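Throughout, a chain's letter reflects where its sequence line sits, starting with A, and its residues are numbered from 1. Treat the numbers as computed from the prediction; the structure is a model and nothing was measured.
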Amino acid sequence: SARFGLAYNESNAESTRVEQRMRINITGIATTDAGVKFEARFRLESNEDSSNAIAGRGPGAAGFAVSYEGLRVDVGNVSDVIDSGDVVDYYGYGIGLTALVEHNTPFYGNGLPIGGFGAGDQDTTTVKARYTASGFTVAASYSETRAQAAVTTTDSAGDTTVTTAAVAATDEFQIGAGYDFNGTTVGAAYGDDDAAGEFWVATVSGSFGQFGYSVIVGDADAFADVAVGASMNYEISSATSIQALVADGANDADATYGVGFKHSLGGGVTLKGGVASDNGNTLADLGVALSF
Amino acid sequence: SARFGLAYNESNAESTRVEQRMRINITGIATTDAGVKFEARFRLESNEDSSNAIAGRGPGAAGFAVSYEGLRVDVGNVSDVIDSGDVVDYYGYGIGLTALVEHNTPFYGNGLPIGGFGAGDQDTTTVKARYTASGFTVAASYSETRAQAAVTTTDSAGDTTVTTAAVAATDEFQIGAGYDFNGTTVGAAYGDDDAAGEFWVATVSGSFGQFGYSVIVGDADAFADVAVGASMNYEISSATSIQALVADGANDADATYGVGFKHSLGGGVTLKGGVASDNGNTLADLGVALSF
Amino acid sequence: SARFGLAYNESNAESTRVEQRMRINITGIATTDAGVKFEARFRLESNEDSSNAIAGRGPGAAGFAVSYEGLRVDVGNVSDVIDSGDVVDYYGYGIGLTALVEHNTPFYGNGLPIGGFGAGDQDTTTVKARYTASGFTVAASYSETRAQAAVTTTDSAGDTTVTTAAVAATDEFQIGAGYDFNGTTVGAAYGDDDAAGEFWVATVSGSFGQFGYSVIVGDADAFADVAVGASMNYEISSATSIQALVADGANDADATYGVGFKHSLGGGVTLKGGVASDNGNTLADLGVALSF
């Protein structure tokens, strides 16, 4: 997939940048005679950064999956329970080309270890299991970060420089359950991390005709307040939709909100844009997303 | 694509090397219902270097393109007007397996910012637009390099080392026009760069039966003299051609010249070789180029 | 291809790790009208390391091949005579998911330059030629490592740090011959390296019905004793086989031995596991290997 366009971030020294990202996942699949499906994948990616330099990276660490009927196990550089969307709708309807804000935006910057697959290397190995039957889903994940000593160099005068910081050992787990009934999905997940403490997330999402909604509530040891968010999507036509979002809480001083649109041009090309305020910082973007 | 063989460079400590290069472009394409074509691509590459170590790199920064009828816009890690060949034939007929010399060889080493897509990262984002109608082409490009602070490390004694040099902000634009009539193409382009100053290039190219030619002339603030070059191609048979080239000027003390051949073995395999003198330095190569 | 599972190494600080590897070779092929086949390839890879961090690398240095009837020439980041298996069975039947031990295990750690293609960069360019006719194979390889100066940085106090170690120039060649008759293959190869001195390897391998065997013997200037090894494979059924291995000598204090199994689940998925003792160090693994 790829996307490019313009993005504005009030807080950057150069507030406008040319947004440009390309991602390729390389996935290998093998299925046993008994129907157990094995997958392995890694990602190649190119991205702009805030200063407009553009850089490729990857292949990243690989993620693996085994699935059979209602059961799926993921191993390696893979999503944990909350990031995966197995039982909760952690991200909701994002705003704009680059998901300027999502309904979980207040969760960020608070040290929560929630995360998933990417094009980078990983200090953490995650194992996640999910089981689905009759609309009911349960999932559990365990993520282990092993301690690694700092890498240092020593110069001709005997002075040392840390070139790679030490990594502390941490363990984290998440468990959750979700249920799907008549187009409404409810779910909750709880996690506990050696370093970041406890946290939980609950979501309700669904749709009525052209109107879709998702609501999130969560708390964590690291939060001053409960975090709440809601996002909605309205299908104006078969090609065009608008999104709106509001979120607040955790350690944010100001509310987060935004509006955006998506318009399909067919053939996997979608025009997207939005404006948002992220805890008082103004963001905007406009561009095209390519699906290939 | 790939190429391998032997290459000789008089000025290297080890003058002969095993030339070995492999390139893979990964391109994603999506076309809207209205026929607008979007593309994104990045490159993986492996190359020998002058000391015979061989190293892969990439994925590099991505380049994007939007095209519709006579209009094409490129964004990101992409060619500028002169490099793209949209309006001028900047490279002409190269000599040998590795393009030992090209008719623009005197342009190099003078700080001109002309360049294009590759497997590396980029500090510069380029936007180029080209419009073609009835054999007439106009093109303009703008390349912005944003300032980036140096990256430094500090050791245990408080001494600092610059690990990534600072990048200065520069802006550059190029404009050009070309016209194609009865197999003859003429074109000119002008550019202005904050750091390198002004420069221009004009070319005439065409063919008479089996004989093809290309002539280039250009000047720049950075040049002591006008740079001129001419290259030709002669198709001896459907499979075999010879090339010859001469160029001089800019800040070169000596003329650059060379002769080479290409012989197709079918199936995308071409035997190529050449000898050349680049501003007094002798070069030669021989090998196969693979198209895949 | 990919593999994942659990691996145990008694000598690691964290003795058990989640084994996880994915490899993708990208190969370009072009065949001339006369039937000469040219290939170029490089590799992308992700791997865990002993501390459980998982990291991708590549594309590595490229390898090239030209083949025509019984002749094949490899150039670049490619196997030498012994690693290639052209004339000797250097690895035999490996034990377990990760080839915990192979019948040449005592050869390792003694500075022998035997090696092949991988996802990394290379300081060495190898050229290998192989000719096969009527079951008889001869092969020769030459590997040149060019001298490279150390890369150093200088800090604000004038102290220097070596960031990339110097590489010493070395030359190495290997020659060998093998013969295949009635299902039995015998072969021998000899090599000489500027730095590591002389070394030779001889193998006999074959099969009787479901039973396959391979025996290796070799010596080197760097070895205190002759190294010997034997490995066997027994096909219990069309899907299941067991392997056993013993090896000793070179500079090892203790014998190396192991037993393992492979069980095909169909569709390119194979369950593999094994236990081994490598010169006194206990190893074990269990997991699945995916072929794609």
Side-chain angles (χ1 to χ4, degrees), chain B residues 1-6 12-14 16-26 42-60 119 152-165 239 263-271 287-292, chain C residues 24 26-45 56-66 73-78 118-127 142-149 152-161 163-164 167 169:
Chain B
S1 65
R3 67 187 191 198
F4 65 102
L6 289 172
N12 284 353
E14 297 267 7
T16 304
R17 71 171 190 275
V18 178
E19 164 67 25
Q20 38 192 320
R21 188 177 82 179
M22 177 177 176
R23 283 182 170 169
I24 296 288
N25 291 342
I26 299 178
F42 48 45
R43 177 177 287 174
L44 305 174
E45 180 174 291
S46 172
N47 243 325
E48 97 296 339
D49 66 19
S50 59
S51 62
N52 220 4
I54 40 180
R57 58 186 190 143
T152 60
T153 57
T154 304
D155 70 14
S156 54
D159 306 328
T160 56
T161 302
V162 175
T163 54
T164 306
H263 177 69
S264 172
L265 301 170
V269 182
T270 307
L271 187 66
V288 290
L290 313 181
S291 173
F292 53 72
Chain C
I24 297 287
I26 298 178
T27 305
I29 300 177
T31 305
T32 71
D33 295 343
V36 183
K37 182 180 181 187
F38 289 81
E39 295 168 83
R41 66 171 175 165
F42 48 45
R43 176 178 288 175
L44 305 174
E45 181 173 291
R57 60 186 189 144
F64 304 87
V66 186
V73 178
D74 286 86
V75 177
N77 180 14
V78 299
D121 298 339
Q122 285 285 359
D123 291 318
T124 303
T125 293
T126 296
V127 178
Y142 172 73
S143 299
E144 180 183 49
T145 306
R146 287 211 183 169
Q148 296 189 59
T152 60
T153 57
T154 303
D155 71 15
S156 53
D159 305 328
T160 55
T161 303
T163 55
T164 306
V167 175

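Closest approach of Arg17(B) to Arg146(C), counting heavy atoms only: CA-NH2, 3.8 Å. Minimum interatomic distance between Asp33(C) and Gly267(B) (heavy atoms only, all atoms of both residues): OD1-N, 3.7 Å. When all heavy atoms are compared, the tightest approach of Ala62(C) to Met22(B) is CB-CB, 3.8 Å. Between Ala53(B) and Asp123(C), the shortest heavy-atom contact is CB-OD1, 3.9 Å. When all heavy atoms of Ile54(B) and Gly76(C) are compared, the pair lying nearest together is CD1-C, 3.7 Å. Heavy-atom minimum distance, Ser291(B) versus Ala30(C): O-CB, 4.2 Å.
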- Derivation and outcome, side chain to side chain contact (heavy atoms under 4.5 Å, CB included), residues Asp159(B) and Asp159(C): CA-CA 9 Å; Asp159(B) 306 328; Asp159(C) 305 328; 3.3 Å; yes
- Could you walk me through whether Thr163(B) and Thr153(C) pass the side chain to side chain contact (heavy atoms under 4.5 Å, CB included) test, one step at a time? CA-CA 8 Å; Thr163(B) 54; Thr153(C) 57; 5.9 Å; no
- Task: Using the side chain to side chain donor-acceptor pair (under 3.5 Å) rule, take Thr125(C) and Gln20(B) through it: C-alpha gap first, then chi angles, then the decisive distance, then the call.
- Result: CA-CA 10 Å; Thr125(C) 293; Gln20(B) 38 192 320; 3.1 Å; yes
- Item | side chain to side chain contact (heavy atoms under 4.5 Å, CB included) assessment of Thr161(C) paired with Thr161(B) | CA-CA 10 Å; Thr161(C) 303; Thr161(B) 302; 5.7 Å; no
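With a 4.5 Å cut-off on side-chain heavy atoms, Ile24(B) and Phe42(C) count as touching. By the 4.5 Å heavy-atom criterion applied to side chains, Asp155(B) and Asp155(C) are counted as neighbours. Side-chain contact between Val36(C) and Val269(B) is absent, with no heavy-atom pair separated by less than 4.5 Å. The closest side-chain heavy-atom distance from Phe38(C) to Phe4(B) is below 4.5 Å.
Of the inter-residue distances, the one linking Thr31(C) atom OG1 with Leu290(B) atom CG reads 10.0 Å to the nearest 0.5 angstrom.
Judged by distance alone, with hydrogens and angles left aside, the side-chain atoms of Thr160(B) form no donor-acceptor pair with the main-chain N or O of Ser156(C) at under 3.5 Å.
For a residue to count as touching a neighbouring chain, one of its non-hydrogen atoms must lie under 4.5 Å from one of that chain's; by this rule Val162(B) does not touch chain C. With a 4.5 angstrom heavy-atom cutoff, Val127(C) does not touch chain B via any of its atoms.
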